[in-house]
Amino acid sequence: MNVDRGAGDGGHERLRGEPERRREADGGGDREAGGSGASGASASGTPRLHLAPSPHIHSPDSTPRIMWTVVATLVPVIAASTWFFGLSALLVLAAATLGCFIVERTLGERGSVGDGSAVITGLLLGLTLPAGIPLWMAFLGGAFAIGFGKLIFGGLGQNIFNPALLGRAFLQAAFPTALTTWPALAERWTHIYASNLALPLLSPGKVDVVTMATPLGLMKFEHQGTDLLKLAIGNTGGSLGETAGVLILVCGAYLAWKRYLNWRIPVAIFAAVAALSALLHAVRPSLPGAPFMLLSGGLILGAVYMATDMVTSPVTNLGSWIFGLGIGLITVVIRLWGGLAEGVMYSILFMNALVPFIDQATRPATFGTRAARKETA
Amino acid sequence: MGTFHHGVHPPELKELTSSLPIRRMPFPELLAIPLRQHAGAPARSLVKRGDRVERGDKVGQAVGFISSSVHASAAGTVRDVRLWPHPDGSMAETVVIEVDPVSPQSLRPRIVPEWEGLTPQEVVAAIQDAGVVGLGGAAFPAHVKLAPPPDAPVNVIVANGAECEPYLTSDHRTMVEYPERVHFGLRIMMHALDVDRAVIGVEANKPDAIEALRSTVPEDLDIRVEGLRVKYPQGAEKMMLESLLGRRVPSGMLPMHVGAVVQNVGSIAAIAEVFETGYPLIERIVTVTGPGIRRPANLIVPVGTRIADVLEFCGGMTPDAERIVFGGPMMGNAQPEPGAPVLKGTTGIVVLTGEAIARERELACIRCGRCLEACPVFLDPADLGRLARAGHYDEMLEMHLSECMLCGCCSYVCPSHIPLSQMFGLAKAMTRKIERRRKEEEESAAGAAA
């Protein structure tokens, strides 16, 4: 019988310099102790014993499986945005993902592309971008997201901020015009916006684009509402992933059911946004009400796919509630009083920074360190 | 139905053996009986090479109170007392007996102790003398739990029939086939502890065991049989007490500090046997199972039988067998050595194939929080894992590392396949070592000062 570990080595070490009698006794015993199994079976074809610490079984879930399942649930969302914005949507998503992929592949740990996290970052970043953005910008954003959002911290699991949102924050700071130029919906799904093909360092604004204001922009700058049904279906202006709210919720529900995302986070975000905006609407009716605030902008995408990023959200359930509530409240504040129309990105990034503190404050009490509950029997 | 918080749901995989009646295995040619088969001090050998021993003769004497005696599982000749591969991976002092092939292996007639006339102290002594230890795996000497210190008054006995480890069915078959023995063992324990109440906890996936126990409860005893939710580690002492009684053992304390003694049903049946027949613990019921064994079985195996002999009796291993595990797959030890013996605490021999073993590349922690939701004692395995990597053992102790019972739940759920419970086992060993060294240094410093 073959064993991965040399079984007799220790015994022979000990034997050195000891009387002959002992050596003989041990030698004979070793045959019996170690080799008795082999005597019954030929050397070839006997099982090779493998040693490992317990537990010897494992749940079927693995990190790559979680990541690739998330990617799979994004497919319907991507299809919807292609429906609304034409092939441009696919080009932008591909450019952002390529940026992530190349940086992860060249600068990341060997084989780390296979875990799927870089692809998620690329797709999520792409979904936060307008359809008409020049592709090189999307690519650059993806590269930045992985390089500065993840690898610089030490790779998977080490980053503080959601890499996709960090990539978007970088693009927003570097190219504010391109990031807020929202093209009108495509007439056919084969449509490609001319601005996509702009070359690096040329101003994309010079390319002719028919633009369309986002519902939040309309609300903020022109005090004009948008039909709620249109908002829910996604038939409005906005970034690639802003427009398919219902679809994102369905995909998110599937992930929550698979326990690949913590449902408490999106629920807390929605609850906080709904409660605060309803309250403010009651006090000042000119402010938008809860349904509009929930359905508009990137709130649904952010709540379901960004805030629930495991790496950058709390590990405890209580912490997840706090984290989600914080995101919701900050989002409303930025949207109503900030200089920007949308606040989901900054509110998530801000709460990301607080996660270590939230985790520490909500760490569960070890078994037996708190008083017992009432005796049941 | 009673349960505890957190925990995991591994596949039960008990159907391989759960309906197979217990059979007796023939005596092997050779027995290797380690003097250390229990928690506490190893026994002292009473025999030497060439001695003739009868089945049931004591070959190792308990040393001190937290220790247990060991006995010859078959008649034969002592070939040697020497180092032999131990299932824990080390070499241990072992009585090697060449079994007498012509002996009828009948037991020497003995005087059965009349338990009713015995004082609690005498019952405790008889159990220690018979070498009864916890048969659930940890092998803590059974008599110690029957002699609690006066400051921890015990008012209930909990019989642990959870058997929450996948694959294992030895306790299950014991409860189905020998329910009266369990009740008799409880009667003796209640007598020794002067307790008038006992509860038997059985996971709900063993309805036949629950039924067998319920229908045989003696009328004069207050024994309740409770079904428990199927969840790992339901059979851990502290989980069991929470599930059955709602009593939570404070951190760093023992079940007796909440007035309870927990004993595995197999051990209780072994106690009963001592007072039914007078014979010591020389054999036990072992589940031989797993995808890598040809004929799974629930066997009565003489203590000291080598693994290879047991596997051979069960038709041998399949060609794709890769790992032999003593105990269940969640907490059991992988065996490198087919010549290592079955111990008193060996609940099962599980032979796993490559397909059943999870062997994936370890990835970085993605902070998914599953380990926190799995940990039955509410630790933060993710953070503890980081500290273990960095060697920050003091900080780990501050985060209650000592409460970790190495149940393996965190490792089981970790999607990145981080060997958390292995790291915690090492850290526990390291902290014990550091603590010992610190004590030694203090003593030598004190000695130098004096």
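Quick note on labels: first sequence line is chain A, next is B, and so on, each numbered from 1. Keep in mind it's a predicted model, so treat the numbers as computed, not measured.
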| query | Given a strict heavy-atom distance threshold of 4.5 Å, which part of B/Pro10 is in contact with chain A: side chain, backbone, both, or neither? | reply | side chain
| request: Compare every heavy atom of B/His417 with every heavy atom of A/Ser62, then report the nearest pair and how far apart it is. | output: CB-NE2, 4.0 Å
| If you count the non-hydrogen atoms of other residues, nucleotides and ligands that lie under 6.0 Å from CZ in A/Arg105, is the total more than 12? | no
| query | Contact part of A/Asn317 toward chain B, heavy-atom cut-off under 4.5 Å: side chain, backbone, both or neither? | reply | side chain
| request: Could you tell me which portion of B/Pro166 (side chain, backbone, both or neither) has an atom closer than 4.5 angstrom to a non-hydrogen atom of chain A? | output: side chain
| request: Determine, step by step, whether B/Glu373 and A/Arg259 satisfy the side-chain contact (heavy atoms from CB on, under 4.5 Å) criterion, reporting the C-alpha distance in whole Å, the side-chain angles of both residues, the deciding distance to 0.1 Å, and the verdict. | output: CA-CA 12 Å; B/Glu373 277 190 55; A/Arg259 309 204 343 131; 3.6 Å; yes
| said: Tell me whether A/Phe153 at atom CZ has more than 12 heavy atoms from other residues, nucleotides or ligands lying less than 6.0 Å away. | reply: yes
| field | Contact winner vs chain A - B/Gly408, B/Pro329, B/Pro11, heavy-atom pairs under 4.5 Å | value | B/Pro329
| task | State, yes or no, whether a side-chain contact exists between A/Val311 and B/Cys365 at a heavy-atom distance under 4.5 Å. | result | no
| field | Side chains of A/Thr369 and B/His400 in contact at under 4.5 Å (non-hydrogen atoms) | value | yes
| note | Bottom line for B/Glu226: the part with an atom under 4.5 Å from chain A's heavy atoms is neither
| Taking all atoms of both residues into account, what is the closest heavy-atom pair of A/His50 and B/Ala334, and its distance? | O-CB, 4.3 Å
| note | Interatomic distance, CD1@B/Ile366 vs OG@A/Ser117, rounded to 0.5 Å, equals 9.0 Å
| query | Do the side chains of B/Arg370 and A/Asp61 get nearer than 4.5 Å, heavy atoms only? | reply | yes
| task | Against chain B, label A/Ile66 side chain, backbone, both or neither, depending on which of its atoms sit under 4.5 Å from a heavy atom there. | result | side chain
| Quick one: what part of B/Asp383 sits under 4.5 Å from any heavy atom of chain A, side chain, backbone, both or neither? | side chain
| remark: When rounded to the nearest 0.5 Å, the distance separating CZ of B/Arg323 from CG of A/Leu51 is 8.0 Å
| Atom group of A/Ser320 that falls short of 4.5 Å from chain B, counting heavy atoms | neither
| What is the minimum heavy-atom distance between A/Pro55 and B/Ser421, and which atoms define it? | CD-OG, 3.6 Å
| said: Does any part of the side chain of B/Val8, heavy atoms only, come nearer than 4.5 Å to the side chain of A/Ser59, both counted from C-beta? | reply: no
| query | Contact part of A/Asp309 toward chain B, heavy-atom cut-off under 4.5 Å: side chain, backbone, both or neither? | reply | neither
| said: I need the A/Thr316 OG1 to B/Leu372 CG distance, nearest 0.5 Å. | reply: 7.5 Å
| Test side-chain contact (heavy atoms from CB on, under 4.5 Å) applied to A/Phe367 and B/His5, B/His6, B/Glu242, the passing residue | B/Glu242
| said: Looking at B/Glu362, I'd like to know if its CD atom is crowded, meaning that more than 12 non-hydrogen atoms belonging to other residues, nucleotides or ligands lie closer than 6.0 Å. | reply: yes
| request: Starting at CG of B/Leu363, measure out to OG of A/Ser112 and round the result to the nearest 0.5 Å. | output: 9.5 Å
| said: With chain B as the partner, which of A/Arg363, A/Arg65, A/Met67 has the greatest number of non-hydrogen pairs under 4.5 Å? | reply: A/Arg363
| field | side-chain contact (heavy atoms from CB on, under 4.5 Å) evaluation trace for B/Arg367 with A/Val355 | value | CA-CA 11 Å; B/Arg367 297 174 32 85; A/Val355 164; 3.1 Å; yes
| said: My understanding is that only one of B/Cys368, B/Pro415, B/Cys414 makes a side-chain contact (heavy atoms from CB on, under 4.5 Å) with A/Thr63; could you say which? | reply: B/Pro415
| request: Return yes when atom OH of A/Tyr254 has more than 12 non-hydrogen atoms of other residues, nucleotides or ligands closer than 6.0 Å, and no otherwise. | output: no
| field | Non-hydrogen side-chain atoms of B/Met330 and A/Ile57 separated by less than 4.5 Å | value | yes
